[in-house]
K.L.:
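Below you will find the structure I want to go over with you.
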Amino acid sequence: NAGVMQNPRHLVRRRGQEARLRCSPMKGHSHVYWYRQLPEEGLKFMVYLQKENIIDESGMPKERFSAEFPKEGPSILRIQQVVRGDSAAYFCASSPSGLNTEAFFGQGTRLTVV
Amino acid sequence: GNSVTQMEGPVTLSEEAFLTINCTYTATGYPSLFWYVQYPGEGLQLLLKATKADDKGSNKGFEATYRKETTSFHLEKGSVQVSDSAVYFCALVKDTDKLIFGTGTRLQVFP
């Protein structure tokens, strides 16, 4: 059973471009969480999704950021018109049914905006 | 709201020294508590957890006890190794089912 797969591992974008980050949860997991880690800081919650539904997006900026978890395929975190401040590591976690069980994290996507 | 506070790092120790990383939390009721570890360039790995008061989580020589009276979940290890060098995150989960993390504590162990 493969772990949580994120790709790409590293992504470089110029200011104004779009960034798409992908997360394939572990097999059998229907809950996906996205977190952002700024340099030398902790992880900040962004969004919680179940298949085809956004459950909690309280941590996601209102503009330029969106997330989806379609019925088929990976979860996508999309950042439009990236700015330098978006440079961070973005981590995805999945769990079978709520985080009181256990969350498994991917290795992250490190986004650099130049 | 719910929150986690960790001691600031870095914590610098010699090999075989005793480790304590303090963690306290603020939450109503009884959250579940976790310690995650992040090695350089990697994602987070669950180190240990405790789901109710007085539970002790343990793994790889690390321990932490859920103390409701002091709202704490301090991480301890009796004898650290160079390979333990990493960033350690304390976290909690409460009703909303999202992990809330502390800011992380970097541990550096020297031979």
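Being a predicted model, the structure only gives us computed values, none of them experimental.
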K.L.:
Indicate yes or no: does A/Arg13 engage A/Glu18 in a salt bridge with an N to O separation below 4.0 Å.
P.N.:
no
K.L.:
Any donor-acceptor pair under 3.5 Å linking the side chain of B/Ser79 with the backbone of B/Ala17?
P.N.:
no
K.L.:
So do A/Ser95 and A/Tyr33 actually touch side chain to side chain, heavy atoms under 4.5 Å?
P.N.:
yes
K.L.:
So, B/Asn59 side chain and B/Leu47 main chain: donor-acceptor pair closer than 3.5 Å or not?
P.N.:
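Indeed, once roles are kept as given, a pair shorter than 3.5 Å links the two residues.
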K.L.:
Please confirm whether the ring centroid of A/Tyr35 lies under 6.0 Å from the ring centroid of A/Phe91.
P.N.:
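Centroid separation for A/Tyr35 and A/Phe91: 6.0 Å or greater.
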K.L.:
Between the side chain of A/Asp56 and the main-chain N/O of A/Ser58, is any donor-acceptor distance below 3.5 Å?
P.N.:
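Answer holds: yes.
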K.L.:
Inspect the contact between B/Asp55 and B/Lys49 and indicate whether a charged nitrogen and a carboxylate oxygen are less than 4.0 angstrom apart.
P.N.:
no
K.L.:
Can we call the ring centroids of B/Tyr88 and B/Phe62 under 6.0 Å apart?
P.N.:
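Ring centroids of B/Tyr88 and B/Phe62 are less than 6.0 Å from each other.
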K.L.:
Taking the basic N atoms (NZ, or NE/NH1/NH2) and the acidic carboxylate oxygens, is any pair closer than 4.0 Å for B/Lys77 and B/Glu63?
P.N.:
no
K.L.:
Sort by residue number and list every member of residues 106-114 of chain A having a non-hydrogen atom under 4.5 Å from chain B.
P.N.:
A/Gly106, A/Gln107, A/Arg110
K.L.:
Any side-chain to backbone donor/acceptor pair from A/Lys51 onto A/Ser30? Under 3.5 Å, distance only.
P.N.:
no
K.L.:
Is chain B contacted by the side chain of A/Gln6, its backbone, both, or neither, given a heavy-atom distance below 4.5 Å?
P.N.:
neither
K.L.:
Under 4.5 Å heavy-atom distance to chain A, tell me which part of B/Gln38 shows up: side chain, backbone, both or neither.
P.N.:
side chain
K.L.:
By number, which residues in residues 101-111 of chain B have some heavy atom less than 4.5 Å away from chain A?
P.N.:
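Checking residues 101-111 of chain B against chain A gives B/Phe101, B/Gly102, B/Thr103, B/Arg106.
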